[in-house]
Visitor: 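Dumping the structure here so I can ask a few things about it.
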Protein chains: 2
Amino acid sequence: MKPDRHLPNGTRALASVGRVRVRERTSDRVYAELASAIRDLRLPPGASLSETDLAEQLHVSRTPLREAIARLVEGGLVSVVPQVGTRVELIRLSDVEQARFVRESFESAAFEVACENPVRDVTVLRTLLAEQERCWGIHDPDGFFAADEALHEQIFTMSGYRGAWQVMQPMKMHLDRIRRLSLPEPETLRLLIDEHTAIVDALQAGNVTAGRAHISRHARRVLQTAPALRAQHPGFFAD
Amino acid sequence: MKPDRHLPNGTRALASVGRVRVRERTSDRVYAELASAIRDLRLPPGASLSETDLAEQLHVSRTPLREAIARLVEGGLVSVVPQVGTRVELIRLSDVEQARFVRESFESAAFEVACENPVRDVTVLRTLLAEQERCWGIHDPDGFFAADEALHEQIFTMSGYRGAWQVMQPMKMHLDRIRRLSLPEPETLRLLIDEHTAIVDALQAGNVTAGRAHISRHARRVLQTAPALRAQHPGFFAD
DNA sequence: ACGCGGATACTTGCATACAAGAGCGCCAGT
DNA sequence: ACTGGCGCTCTTGTATGCAAGTATCCGCGT
């Protein structure tokens with residue numbers, strides 16, 4: 001059923017970055033696909049993965065697939081028991097709380113650094129806020145969360161510590177799964193926009209104390225919605 | 001030259017944890033060895049690694065070795081260019097600064113949480129301080145840094161956010177390499193002990209502000225020593 | 001003498017074959 | 001009928017072979 005190919009595993013995707021041609025590594029592509037699928041629950045918590053089946057579905061061999069899975073294990077999103085099986089980890093509230101701590105610590109510190117910058121250009125942030133307003137108006141949760149991500153990343157960029165944002169990504173996926181469950185409620189979105197606005201206002205005013213308080217509330221909101229979501233999707237949660 | 005073995009790759013190490021026998025995965029063992037070697041500079045910055053050579057030296061095949069290397073790449077300690085080579089990343093001050101930010105953010109936040117705990121048992125921390133005093137007296141830098149690590153980890157344990165400590169490990173190795181370079185100076189060790197003592201005192205007193213200030217100074221000290229170390233070992237640094 | 005081109009060795013990426021263990025079902029014996 | 005044991009199947013872990021690309025070095029031509 002594989003597409004016809006002349007070479008052992010056919011042509012590999014080529015992408016042009018600047019002048020150099022880089023071959024997209026199968027391992028990376030598979031990781032991105034799996035991570036995306038886990039994040040938006042197409043691979044729901046508790047789903048069991050079979051390396052051979054997955055390899056067949058994705059038209060790759062087990063080697064790059066295993067490397068991708070190893071990265072997911074590192075991030076705590078997948079657990080693999082030798083000779084038994086591989087499965088997507090259930091949502092554990094303790095993990096979510098740890099991720100909340102990580103995120104709040106980083107954002108709080110990044111906000112403080114960004115505030116100390118004498119020139120604080122918040123136009124990008126304002127644009128993203130407007131985008132969120134627009135998505136809220138047309139009921140586009142996916143677009144909303146994309147702008148949400150971009151807004152928080154922009155704060156890290158302004159602080160100069162974008163590396164922290166990157167290392168946080170695997171841990172943050174524990175929060176993203178919860179957020180995904182609480183997607184379709186417009187009330188929540190309205191609240192998030194207001195909180196974002198308050199954070200941006202505080203940043204523009206250089207008010208560290210107020211901003212940190214808003215960030216803390218913002219980060220803890222996810223945890224507040226957790227119990228209700230757990231009652232709604234009991235199979236997705238552990239403990 | 002391989003040790004005689006009857007099975008394809010011989011006996012695998014068995015460890016007894018509680019009642020269950022767990023087979024130590026070759027991939028994990030290799031990762032631990034490589035990470036340790038990079039941390040204490042037995043694999044110095046810039047060293048080029050050959051998968052085939054390394055596999056032969058460690059008596060493993062390339063598959064588990066590659067998985068271990070993939071984890072190191074994830075942590076930013078190794079870079080691999082397809083069809084060209086694999087090498088230990090040079091020490092980049094920008095990476096060190098990012099790691100400093102990560103560590104300071106975490107420790108600061110964890111300290112704050114630990115301070116809010118009404119019962120703060122600092123006996124473990126005091127014991128570790130005494131151990132550092134002892135190691136300083138007998139000029140045992142390795143023992144000193146082991147106690148150093150244990151002390152900082154204990155603060156995270158007391159905060160309840162040990163998960164943050166764990167996710168920080170790969171990033172922290174960028175700092176550890178710098179610390180390793182500044183090992184043999186007793187003056188530095190004396191200074192570190194004093195700072196540790198100040199932090200523990202602040203924790204016992206529940207003084208959040210003072211503790212955060214000490215932690216910040218403590219974390220930034222590594223960066224202060226960096227320029228001198230760079231002049232001493234120019235080949236280890238990038239840029 | 002100097003520059004250029006091709007063969008070669010060495011690198012990583014991927015695919016596949018094999019090994020070993022865990023779980024489960026079926027069958028036989030009691 | 002029930003229980004114990006054997007074996008089959010499916011799982012992941014590991015080893016190895018092949019493909020493709022890059023850099024280097026040596027020889028040849030100018």
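Naming: A, B, ... by sequence-line order, numbering from 1 per chain.
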Visitor: Using whole Å, report how far CD of B:E24 lies from P of C:dA20.
Guide: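 From B:E24 CD to C:dA20 P: 18 Å.
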Visitor: Under the side chain to side chain donor-acceptor pair (under 3.5 Å) test, which residues partner A:D28, sequence neighbours left out?
Guide: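 Testing A:D28 for side chain to side chain donor-acceptor pair (under 3.5 Å), a comparison that skips the adjacent residues, returns A:R71.
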Visitor: Can a donor-acceptor pair under 3.5 Å be found between the side-chain atoms of B:S27 and the base atoms of D:dT14?
Guide: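 No, the side chain and the base share no sub-3.5 Å donor-acceptor pair.
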Visitor: Tell me the interatomic distance from B:R62, atom CZ, to D:dT14, atom C1', rounded to whole angstroms.
Guide: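 The answer, rounded to whole Å, is 13 Å.
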Visitor: Check the distance between C:dT12's P and B:L54's CG and give it to me in whole angstrom.
Guide: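 So the two atoms are 9 Å apart, to the nearest Å.
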Visitor: In this structure, how many angstroms lie between the P atom of C:dC14 and the CZ atom of A:R29, rounded?
Guide: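 So the CZ-P distance, A:R29 to C:dC14, works out to 9 Å.
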Visitor: May I ask you to list the residues of residues 64-78 of chain A, by number, that have any heavy atom positioned under 4.0 Å from an atom of DNA chain D?
Guide: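 Within residues 64-78 of chain A, the residues near DNA chain D are A:R66.
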Visitor: Could you state the atom-to-atom distance from CG of A:L58 to P of C:dC14 in whole Å?
Guide: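 Between P of C:dC14 and CG of A:L58: 13 Å.
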Visitor: Side-chain N or O of A:T26 less than 4.0 angstrom from OP1 or OP2 on C:dG13?
Guide: no
Visitor: Tell me every residue that passes side chain to side chain donor-acceptor pair (under 3.5 Å) with B:R66, counting only those two or more places apart in sequence or in another chain.
Guide: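 Counting only residues at least two positions away or on another chain, B:R66 forms a side chain to side chain donor-acceptor pair (under 3.5 Å) with A:E67, B:E51.
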Visitor: Any side-chain heavy-atom pair from B:R177 and B:M173 closer than 4.5 angstrom?
Guide: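 The answer is no, as the side chains (C-beta and beyond) never meet within the 4.5 Å cut-off.
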Visitor: List in chain and number order the residues that pass ring-ring contact (aromatic ring centres under 6.0 Å, His included) with B:Y161, two or more places apart in sequence or in another chain; answer none if no residue qualifies.
Guide: A:F101
Visitor: Name all residues meeting the side chain to side chain donor-acceptor pair (under 3.5 Å) criterion together with B:E56; count only those two or more places apart in sequence or in a different chain, and write none if there are none.
Guide: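 With neighbours one apart ignored, the set is empty.
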Visitor: When you compare the protein's N or O atoms with those of nucleotides 6-11 of chain C, which come within less than 3.5 Å of each other, and at what distance?
Guide:
residue	atom	partner	partner atom	Å
C:dT11	OP1	B:S50	OG	3.4

Visitor: In chain order, what residues pass the ring-ring contact (aromatic ring centres under 6.0 Å, His included) check against B:F237, with sequence neighbours excluded?
Guide: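 Per chain and number, B:F237 pairs via ring-ring contact (aromatic ring centres under 6.0 Å, His included) with no residue.
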Visitor: What residues, two or more places apart in sequence or in another chain, satisfy ring-ring contact (aromatic ring centres under 6.0 Å, His included) together with A:H152?
Guide: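 Checked A:H152 against ring-ring contact (aromatic ring centres under 6.0 Å, His included); matches are A:H196, A:H218.
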Visitor: Run the side chain to side chain donor-acceptor pair (under 3.5 Å) test against B:E104 and tell me which residues pass, sequence neighbours left out.
Guide: B:R100, B:S216, B:R220
